[in-house]
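These notes are about the structure you will find just below.
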Amino acid sequence: MNRFVRWIDDRIDIAGVKRGLLDRKMPGGLTWWHTLGSATLTVFLVQVVTGIALAMYYSPSPDHAYDSIRYLEKAVISGATLRGIHHWGASAMVILVLAHMIRVFSMGAYKYPREINWVLGVFLLFIVLGFSFTGYLLPWDQKAYWATQVGTNIAGTTPVVGPMLVKLLRGGGQLGAATLERFFALHVLLLPMMLVVVVMLHLALVIRQGIAPRTAVLETPDAPPRTTDAAYPEYYETRYAKSKGAGVPFWPNIIYKDVLVGVGVVAILVILARVTGAGLESPADPSDTLYVPRPEWYFLPLFQLLKLVPGSWESAVAVGLPSAIVLVLLLLPFFDRKSIRSLSHRPVAIVSMTLVLAGSGLLIGSAVREEPANVVVPESSRPLSSIERSGRVLFQRQQCSSCHFIAGQKAIVKKSDTPDAPDLTSVGLKHSTAWMHSFIEDPIRFHSDSKMPAFGPPTLTHEEIEEITRYLTTLRGPNGATAKPDFKDTFPEPLKPKEIKP
Ligand code: HEC
């Protein structure tokens, strides 16, 4: 073993790597708050591992996405835990990145010489939010579908480029198969690559520049007042070297804290995954316009704010506010050049941080409080198949519901000139699929005085009528699960040859 280590060492100098990474001195007085960055990295690694495992079961198409997740949850050993960890890991990433940023902000660690690393950190925050936005859609359940519908709509309110942006995000005008494929590709290919590159740069800079020392180290009476002063770099160098000289080695004095926090965070994720899991609602249903969309909690402040502002302000808030936040965060180290670092001497920083945190907290709180429960209408004992669901979409699009009533659907205000049409709540018990198909095609053939318009080609194709009738077949009234159909179908006489027009 020793010979092997020596052989490697001769060639790539492991001892040097150890000296550079593990034995390097860190400034003294590092707190537990300093572990937030490494905890974020730990969760990211957890997301990579669980994400790869999830991708082995997942199928990114509207026909299979939901079923593949349900299969994972129900049939794969530890599948639900796996998905739960990935689900909670996503929230943990956001919380940890934000907490890490707050730590860096309040210790003034974004100031000279760490401006570049702050900017890289801001990029990381937005990549993490991108992960969350794209990942939310993948289960293709109601929550996923409608939150993404809202999210892409918000992007659409951007002046000038809005419509193009929506098309780009959705891969077309409507949210559908193209959107799902697109989000999947971003989530598993583009965003991970971007994140890895930026994390590497971020870490390389941390190692190269060393971790920021306690604020007091850089706040001696002889400190130049601004970091732009010509004397500041030299002042910084001397003070930093001194604090490092009195400091402790990374291994083992510092790293044990990182490991402890990392293990703790992973343990919490596993517990959350086992206790509450990730949740899965009913499959995405584009025709269910009664569904109340809910975004992930960290998008709630913006979502809630949008409800409070008047309509004409919506676009300004939806797009302007996030853009302003990005700009302020990116430019922060370049306009704040006072050399003072401790939070207690930075009143503007205290006030703005308190305002942002308290405001977001209040908005999240009020959003959670007024969140209405989504009523689930029991239509039949099993979830609708994709054909039946397309049928339901057609039923609404063809205005069938302007004449017909189905229990559980939004009450339609009837116009006075629409004829009285039968209630279709339990039509699946009254008529066979075949009968309904022929009837919808041409009602006059059945009742010469029928008030129902014919929907046969060219209005609807045979496939579309079939989809509608399959949907109608599932409508079996309140006792649908047990009721027995009792078909009373009478078909008209077949047309005599002379009646068929050439
Ligand atoms: C203009 C109003 C109107 C529209 C729109 C309409 N219907 Fe009808 N529908 C009627 C009337 C009136 C009847 C009863 C007439 C009859 O029996 O000939 C009827 C009967 C039916 C029946 C037979 C019900 C039974 O219990 O006998 C079915 C099934 C049906 N409609 C399905 C549909 C579908 C599907 C659509 C949409 C593609 C649709 N209807 C659109 C007015 C309408």
Side-chain angles (χ1 to χ4, degrees), residues 62-63 173-176 282-291 376-496 499-501:
D63 289 341
Q174 301 295 322
L175 212 162
S282 40
D285 180 354
S287 65
D288 183 0
T289 44
L290 295 182
Y291 188 87
V376 181
V377 184
E379 290 195 29
S380 67
S381 45
R382 60 175 174 81
L384 298 187
S385 74
S386 53
I387 293 182
E388 290 154 0
R389 267 180 273 144
S390 332
R392 179 160 64 173
V393 176
L394 282 168
F395 187 84
Q396 273 161 11
R397 225 179 265 156
Q398 291 299 325
Q399 311 284 307
C400 307
S401 40
S402 65
C403 297
H404 291 286
F405 178 79
I406 296 176
Q409 286 202 334
K410 212 189 317 197
I412 306 268
V413 184
K414 263 200 170 166
K415 291 193 216 90
S416 53
D417 57 343
T418 48
D420 269 343
D423 184 328
L424 296 182
T425 307
S426 53
V427 74
L429 298 173
K430 271 168 67 187
H431 295 294
S432 67
T433 314
W435 183 91
M436 286 193 273
H437 190 123
S438 311
F439 180 83
I440 295 166
E441 229 168 54
D442 191 3
I444 304 275
R445 270 184 67 212
F446 287 74
H447 310 134
S448 53
D449 58 347
S450 178
K451 298 275 185 321
M452 170 156 155
F455 285 89
T459 311
L460 291 175
T461 64
H462 284 293
E463 283 81 9
E464 287 170 326
I465 294 180
E466 188 58 24
E467 286 172 353
I468 295 187
T469 42
R470 295 278 194 92
Y471 164 61
L472 294 179
T473 305
T474 67
L475 300 175
R476 317 182 83 201
N479 310 318
T482 48
K484 287 265 170 300
D486 177 20
F487 297 143
K488 294 195 177 66
D489 297 339
T490 46
F491 284 88
E493 293 290 306
L495 295 180
K496 296 193 188 76
E499 285 177 305
I500 299 173
K501 296 190 184 87

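For the numbers below, each heavy atom of this structure counts, side chains included, while hydrogens, waters and symmetry mates do not. Positions are given from 1, in the same order as the sequence printed here. Read the numbers this way: they start at 1 and go in the same order the structure lists the ligands and their atoms.
- Judged by distance alone, the side chains of Thr473 and Thr433 do bring a donor and an acceptor atom under 3.5 Å apart.
- Shown in contact with His447 at under 4.0 Å from a heavy atom are these atoms of ligand 1, numbered in order with element: 16 (C), 17 (O), 18 (O).
- Taking every heavy atom of Lys451 and a limit of under 4.0 angstrom, the matching atoms of ligand 1 come to 12 (C).
- Atoms of ligand 1 found under 4.0 Å from any heavy atom of Phe455 (numbered from 1 in listed order, with element): 37 (C), 38 (C), 39 (C), 41 (C).
- Considering backbone and side-chain atoms alike, His431 places an N or O below 3.5 Å from some N or O of ligand 1.
- Between Phe446 and Phe491, the angle of the ring planes lies from 30° to 60°, which puts this pair in the tilted group.
- Contact atoms of ligand 1 toward Ile468: 35 (C) (distance under 4.0 Å to a heavy atom of the residue).
- With respect to the salt-bridge test (charged N to carboxylate O, under 4.0 angstrom), the residues Asp486 and Lys484 do not qualify.
- Heavy-atom proximity to Lys430, at under 4.0 Å, picks out these atoms of ligand 1: 25 (C), 26 (O).
- With a 4.0 Å cut-off on non-hydrogen atoms, Phe446 does not touch ligand 1 at all.
- Pro453 counts as a contact of ligand 1, since one of its heavy atoms falls under 4.0 Å from the ligand.
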* To do: May I have the step-by-step check of side chain to side chain donor-acceptor pair (under 3.5 Å) for Glu466 and His462, ending in yes or no?
  => CA-CA 6 Å; Glu466 188 58 24; His462 284 293; over 6 Å; no

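- Here His404 reaches atom 8 (Fe) of ligand 1: one of its N/O/S atoms is less than 2.8 Å from the metal.
- Considering each of Pro422, Ser426, Ser450, the one bringing a non-hydrogen atom nearest atom 24 (C) of ligand 1 is Pro422.
- Proximity of a side-chain donor or acceptor of Ser438 to a complementary backbone N or O of Ala434 within less than 3.5 Å is detected.
- Contact annotation: the side chain of Phe455 never approaches that of Asp442 to less than 4.5 Å [non-hydrogen atoms, C-beta and beyond].
- Side chain of His437 to main chain of Ile465: no donor-acceptor pair is present (N/O by atom type, distance under 3.5 Å, no hydrogens or angles).
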